[in-house]
There are 2 protein chains.
Amino acid sequence: MLNAIAAHEVATDEIATHEIKAQEAYNQSQDQRLPRTSPMQAESSFKVACSNCNLRELCLPIGLSTDEMSQLDGMVATRKKVKQGGHLFSSGDPFTTLYAIRTGFFKTCVVSEDGREQVTGFQMAGEIMGLDGIVSDKHNCNAIALEDAEVCVMPFNHVEDLSRQIPMLQRHVHKIMSREIVRENGVMMLLANMRAEERLAAFLLNLLQRLHARGYSKSELILRMTREEIGSYLGMKLETVSRTFSKFSDEGIIEVKQKNIRILDHDKLKTIFNASTC
Amino acid sequence: MLNAIAAHEVATDEIATHEIKAQEAYNQSQDQRLPRTSPMQAESSFKVACSNCNLRELCLPIGLSTDEMSQLDGMVATRKKVKQGGHLFSSGDPFTTLYAIRTGFFKTCVVSEDGREQVTGFQMAGEIMGLDGIVSDKHNCNAIALEDAEVCVMPFNHVEDLSRQIPMLQRHVHKIMSREIVRENGVMMLLANMRAEERLAAFLLNLLQRLHARGYSKSELILRMTREEIGSYLGMKLETVSRTFSKFSDEGIIEVKQKNIRILDHDKLKTIFNASTC
DNA sequence: CGGACTATTTGATATGCATCAAGAAGTCAT
DNA sequence: ATGACTTCTTGATGCATATCAAATAGTCCG
């Protein structure tokens, strides 16, 4: 299996035994099932506590004891909401904090001098953003919400301080960064070696897997991004993305209704993804 | 400027003021100017000391006080030599240590299930390898020496222990990982958006910059890898790499003599790299 | 030194995807 | 609801690079 997917399988394995139900985290932001308090105020210590978060097995506190978990509660300084289309941070912004996604869906993208945009990833609940900023103390990409979102703000100094006190946390921070490196290795393979169909199959399988780890169906998903954003991520034009969706649809592999995708033949997707012989 | 290069510029900036002369580190391994003792034995404490290494401003100890530096000396358990073509580690190997390159030149590559190989990076003196292994406690790629090489073996447990004691080291470890993430972002941009000429120009400029930071000429370099390996890294076939070299040569931008490249028009290379309008 | 191998260059042709174009479908605001 | 906008789909054509092929140059080793 290719590394792009393999990386996420590792991630999934770690949490698979925990019976996570984080459905709320991925639903529309209009959804009111989660408590909605305005950030920076009226946040009871209860509400910003990692120890109480329904994402705790996906997010930074993974594998910590209850004792350590309560130490960790101080790590999240506050929460922040980002409207659809809003920037969580932008390239060039000073880096001070990492962000853990509580609800919503993001894309990260870099922009070259001449204006070409490259989507470098899509992030969902429980995933950490901002790691790109550590190296030069300023952010190196844009993080844009693809739907209304809420993130936990974790000042990086706190993270480092706590990491020095809690080896388990230190290890986890390292793993999160390593996982990102491995993920990007997989994307490099994808971009350099694969054809359009393989790329899109890999993309869908990867999304499905991550959503499944969050309690969603393995056979259905809603794309939060446009064809153009998918294309940017996969190194192809939006027309090619559209055509490839249509082709999969014609072949009875998936059913496409705008942004709603239903997987009809999971195995066939996997076969396409692994195809060397064609 | 594109991020692939920008990332390395940051790295370079950090060390640019230090007057590094690490020429020896990149020369042919036949070169006898560096002491050559067999690993695992007869290594005096003097020889494995970071505090005494001529790469200390490129490598992990960057920015540490002499006090901290001597603490660090215990981090390198031993040194290890790798013959040209030899594997420093392979995908699937248990991960226990990071490696700092002392001399020599490496490639890292991932291999997909169906056997397609993707070169994910080229590493030279002072750079750290093995970060891919942290996430799953086993290596995720192959690290292969492109010339006879010597590396410092740094058990990751030691690195983590010391990181907890030396905040400056902790920060530096984080920066190294973040830099790798940012580098890979740049490669994604390259693979997804650029044409063959732009990719090769970016590749050459990047190598030149890193070599320059190690005391080498900005106008000459020796390629340690084959056209095929360059092609794999850049997502193109070896024939296209060769043709693009020839084209640059015809246009008077570079002079190609096998693996020896002389840069005749650095600015033109940069222009090609930045080209959006063509 | 000579033979076998690997790496590189160059040419001819094929092809997958980009580009250009136009229309359809969906979304949003008033 | 209606018009303006964005997003998506589909078709026709072109091009950059892959593929196939063969010759040349360089390297290794007995």
Side-chain angles (χ1 to χ4, degrees), chain A residues 28 30 83-85 107 116-119 144 146-148 190-201 203 222-251 254-261 272 275-278, chain B residues 28-30 83-85 107 116-119 146-148 190-201 203 222-251 254-261 272 275-278:
Chain A
Q28 290 289 11
Q30 267 60 22
K83 283 267 167 214
Q84 181 170 33
K107 69 169 175 180
R116 280 178 283 193
E117 176 178 303
Q118 172 64 34
V119 173
I144 297 168
L146 296 180
E147 56 179 350
D148 290 4
L190 192 115
L191 290 171
N193 279 308
M194 294 186 154
R195 294 177 310 101
E197 289 175 41
E198 299 175 67
R199 295 183 198 188
L200 196 63
F203 171 74
I222 299 172
L223 301 171
R224 302 300 179 181
M225 67 297 281
T226 66
R227 304 287 191 262
E228 186 169 19
E229 286 160 340
I230 296 172
S232 172
Y233 182 61
L234 298 179
M236 48 209 254
K237 294 293 150 183
L238 69 94
E239 294 96 328
T240 307
V241 174
S242 178
R243 271 185 247 272
T244 309
F245 271 134
S246 298
K247 183 154 187 284
F248 285 176
S249 182
D250 290 348
E251 291 169 348
I254 63 175
E255 192 179 297
V256 182
K257 269 192 203 146
Q258 286 299 118
K259 308 227 169 190
N260 299 279
I261 310 286
I272 291 171
S276 62
T277 51
C278 64
Chain B
Q28 292 288 11
S29 49
Q30 268 58 23
K83 284 267 166 215
Q84 182 172 33
K107 71 169 176 180
R116 281 178 284 194
E117 176 178 303
Q118 172 64 35
V119 172
L146 296 180
E147 55 179 351
D148 289 4
L190 192 115
L191 291 171
N193 279 309
M194 294 185 154
R195 293 178 309 101
E197 289 176 43
E198 299 175 67
R199 293 182 199 188
L200 195 63
F203 171 73
I222 299 172
L223 300 172
R224 302 299 179 182
M225 69 296 283
T226 66
R227 304 289 191 262
E228 187 169 18
E229 287 160 339
I230 296 172
S232 172
Y233 183 62
L234 297 178
M236 48 209 252
K237 293 293 150 184
L238 68 96
E239 294 96 328
T240 307
V241 174
S242 177
R243 271 184 246 272
T244 309
F245 271 133
S246 299
K247 183 154 188 283
F248 286 175
S249 181
D250 291 348
E251 291 168 349
I254 63 175
E255 194 180 295
V256 182
K257 269 192 202 144
Q258 287 300 117
K259 307 228 170 190
N260 299 280
I261 309 286
I272 290 170
S276 62
T277 50
C278 65

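Everything quoted here is computed from the prediction, not taken from an experiment. By convention in this document, chain letters (A, B, ...) are assigned in the order of the sequence lines, proteins followed by strands, and residues within each chain are numbered from 1.
F203(A) contributes atom CZ, which lies 12.5 Å from atom OG1 of T244(A) (distance to the nearest 0.5 angstrom).
Checking T240(A) against T240(B), the closest nucleotide of DNA chain D that is more toward the 5' end is the one next to T240(A).
An OP1 or OP2 oxygen of dT10(D) is reached within less than 4.0 angstrom by no side-chain nitrogen or oxygen of R243(A). For K259(B), a side-chain nitrogen or oxygen approaches OP1 or OP2 of dT8(C) to under 4.0 Å.
Of all nucleotides listed (dT10(D), dT8(C), dT17(D)), dT10(D) comes nearest to the side chain of S242(A). Listed nucleotides: dT9(C), dC17(C), dT9(D). Nearest to the side chain of L238(B): dT9(C). In the set dA18(C), dC8(D), dT19(D), the nucleotide with an atom closest to the side chain of M236(A) is dA18(C).
Across M225(B) and K259(B), no two heavy atoms sit closer than the pair O-NZ, 3.3 Å.
Within 4.0 Å (heavy atoms only), Q258(A) reaches sugar-phosphate atoms of the nucleic acid but no base atom. Residue-level contact check: G231(B) touches neither bases nor backbone, having no heavy atom under 4.0 Å from any strand. Using a 4.0 Å heavy-atom criterion, one finds that S246(A) contacts the sugar-phosphate atoms exclusively.
Between the P atom of dT10(C) and the NZ atom of K247(B) lies a distance of 14 Å, rounded to the nearest Å. Rounded to an integer number of Å, the gap from L191(B) CG to dT17(D) P is 13 Å. When the P atom of dA24(C) is taken as reference, atom CD of E239(A) falls 18 Å away, rounded to whole Å. Summarising the geometry, the separation between NZ on K257(A) and C1' on dT7(D) is reported as 18 Å, rounded to the nearest angstrom. If you measure from atom CG of N193(A) to atom P of dG16(C), you get 16 Å, rounded to the nearest angstrom. Computed from coordinates, the Q84(A) CD to dT27(C) P distance equals 12 Å when rounded to whole Å. When the P atom of dA14(C) is taken as reference, atom CZ of R195(A) falls 19 Å away, rounded to whole Å. Counting to the nearest Å, the C1' atom of dA18(C) and the CZ atom of R199(A) are 12 Å from each other.
In this structure, R199(A) contributes its side chain and M194(A) its backbone to a donor-acceptor pair below 3.5 Å. Side-chain atoms of D148(B) never come within 3.5 Å of backbone atoms of K83(B) as a donor-acceptor pair (strictly under, hydrogens ignored).
For the pair E255(A) and S249(A), the minimum side-chain heavy-atom distance is 4.5 Å or more.
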